[in-house]
Structures are given as structure tokens and as C-alpha cells.
Amino acid sequence: VIFDGYVVLDGLLTAEECDQLRCRMADIVDGMDVPEHCRITFSTDNDQLKDQGNADYFLTSGDKIRFFFEKGVFDDKGEFTVPRERSLNKVGHALHAHEPLYKKMTHSPQVQGIAKKLGLQSPVILQSMYIFKQPGIGGEVTPHQDATFLHTTPLGRVMGLWVALEDATEDNGCLWFIPGTHNSGISRRMVRTQEGYPLTNFVGQEQAYDDDKFVPAPVKKGGVVLIHGQVVHRSAPNTSDNSRHVYTFHLMETEETRWSPENWLQPTEELPFPALYTT
Ligand SMILES: O=C(O)CCC(=O)C(=O)O
Ligand SMILES: [Fe+2]
């Protein structure tokens, strides 16, 4: 059991493995088709269309590889204001299924070993993301609990693995945690709405957390942070000149667990949640 709600482990990947994953992502970004809703040019009429486009794109991304951008990277003609490889916030949410290198890493003996050590009996992979935290423009991630987005009954069945593909430091936006908060339930849930827009809503509210309660969790390239589904965490904007690329994915223990049908993320016919203990 995770003591503080998170654990930093060095050396999950070698530097070469990190570089291979980063190279592959650079190729994916090179070949990216910029999604249409991002190209909608600015006008008040189009605001709603754009929001709905964003919402559709997100809600159907669970079994695909899709692109999510930082704010302000498109001008009012829909052209990039920054180099395209610097425009992305993240790529998600099924790299673990569609990208062989990512799939192999996700199911690696090392990852399976961690899950077994933690006593997971039949874990599945829920989602995966590549997060860029771009130098200068990588935005903050506000305090949250992952179970807000990935809710189960009972709670305590979800764990994130956050793999640093570059050194993550206090300067380039490493994770910060409030130790022990994994034991106090959850503040808010994101749920699908019955019909129409918005497609999702929050039930409950995130609490206001005291800034000085957060403890930084820097991690070296190749290291991993294990994140309990209920521990409160955040990351600061990246004001440094260095990116902070990570590959992160979430596991769920399926034994005696109910995945909420209200979660934004649902298994699909094309991609049921894959079992971790396979290759
Ligand atoms: O990478 C970040 O800054 C935040 C990621 C996060 O919250 C997560 O992986 O659960
Ligand atoms: Fe998170």
C-alpha cells in the first residue's frame, strides 16, 4: 500500500528507452493532422461551435490517438502562432493500444512487476497520455484527484504511473502532492450529462488547498511516480527553457470493482480496457 499516496521510483526506463519514446512521439507530431475544430477561425458566432467541437473530440478520444493543444497557439485565422511541435499540451488517450513502442513499455515486465508487488490481481489499462509541458508555455495543472475523472466503486482501485522521459524538476513543472490526501474521499466527479452540451459536468467542487501543503516530487529521466487515484496533486506552469515530457497511464484493479458508467472514458468495442498482465 502506498504510504503518502505517491511514490517516486528511479530507473524504470533507461535513457535510451526514454529517447526512443520521445523520437516516436516527434514522428507522430510530424504526421499530425491538425483537428478541424482547432482550425475554426475566431468570431463570437463560432465560439460555441468550437467549444462543442472540442467537447466531441475529447469525449471520443478514449480509444484513439488525439491531439490537445496549449491555449493561444492558434491565431484568428487558425494558423499556428508557435512551431507545431511546441503547440501541444498532450496526446491521448490510447497510445498504449495503438503505438507498439508505447504498448511494449506499458506492458513491460518492470511495470507488471510493480503492479504485482502492489498486489494488483487483474489490472487493466484505462488510458494513456503523453504530456509535453512545453518550455515557456506549458500551462499549470490545477489541484485535482485522478478519481475525479476515473471514478470507481469502491474508490482506491485506480493508480497512475507517470514516467519521466526527461528530468522533471521544480523549474520545468514537476508534480506536487499533498501527502496523505488519498485517504479522505473525493471532492468532485466529472460525469457525462444525459444529453446535449456540455457533454460533461462536475458534481461537487474541488476544495481550496493550502499552497504550502504541497510537496514537490522531482524525478530523474527514466523514473516513475506512482500516483494513488485519490491523492491531491498539481503541477506548475513551465516557465523554464526546458520541456518536461512524460508518458503517463492509469491502471485499475478490476477485482470487485465497478467502473462508473458516468465516467467520460468508457471501454469501446474497438478497445475494451486491456489487461496489464499480457504482452
Ligand atoms: O503532468 C502533469 O503535469 C499532470 C499529470 C497528472 O495530473 C496525471 O498524470 O495524473
Ligand atoms: Fe492527475
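Indexing begins at 1, ligand by ligand and atom by atom, following the structure's order. FYI, the numbering just counts along the sequence from 1.
The S235 neighbourhood of ligand 1 comprises atoms 2 (C), 3 (O), with distances under 4.0 Å to a heavy atom of that residue. Close approach of ligand 1 to D146 is summarised as follows: ligand atoms under 4.0 Å from at least one heavy atom of the residue are 10 (O). Close contacts between ligand 1 and L175 involve ligand atoms 2 (C), 4 (C) [criterion: under 4.0 Å to a heavy atom]. Of all the atoms in ligand 1, the ones that sit under 4.0 Å from a non-hydrogen atom of V141 are 3 (O), 4 (C). Against a heavy-atom cut-off of under 4.0 Å, R244 is close to the following atoms of ligand 1: 1 (O), 2 (C), 3 (O). Ligand 1 places these atoms under 4.0 Å from at least one heavy atom of H144: 7 (O).
Electrostatic pairing of D19 and R22 counts as a salt bridge here, judged by a charged N lying under 4.0 Å from a carboxylate O.
Side-chain contact, T254 with R157: no donor N or O sits under 3.5 Å from an acceptor N or O.
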Decide yes or no on ring pair (Phe, Tyr, Trp, His ring centres under 6.0 Å) for H245 and Y130, but give the supporting numbers first. CA-CA 7 Å; H245 290 195; Y130 190 103; 5.3 Å; yes
Trace of the side-chain hydrogen bond (donor to acceptor under 3.5 Å, both in side chains) decision for T169 with R244: CA-CA 8 Å; T169 67; R244 190 226 64 186; over 6 Å; no
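Distances from the Fe ion (ligand 2) to each N, O or S atom of H233 single out NE2 as the nearest.
Nearest protein heavy-atom contact of atom 5 (C) of ligand 1 is W162 NE1, 3.6 Å.
Cation-pi geometry between K116 and Y277 is met: the NZ or CZ atom falls under 6.0 Å from the ring centre, inside 45° of the normal. By the 6.0 Å and 45° rule, R234 stacks over the aromatic ring of F214.
The OD1 atom of D146, the Fe ion (ligand 2) and the NE2 atom of H144 define an angle of 90° (nearest 10 degrees).
Considering H233, Q127, R234 only, the shortest heavy-atom separation from atom 8 (C) of ligand 1 involves H233.
Within the 3.5 Å criterion, the main-chain N or O of R189 finds no donor-acceptor partner in the side chain of E262.
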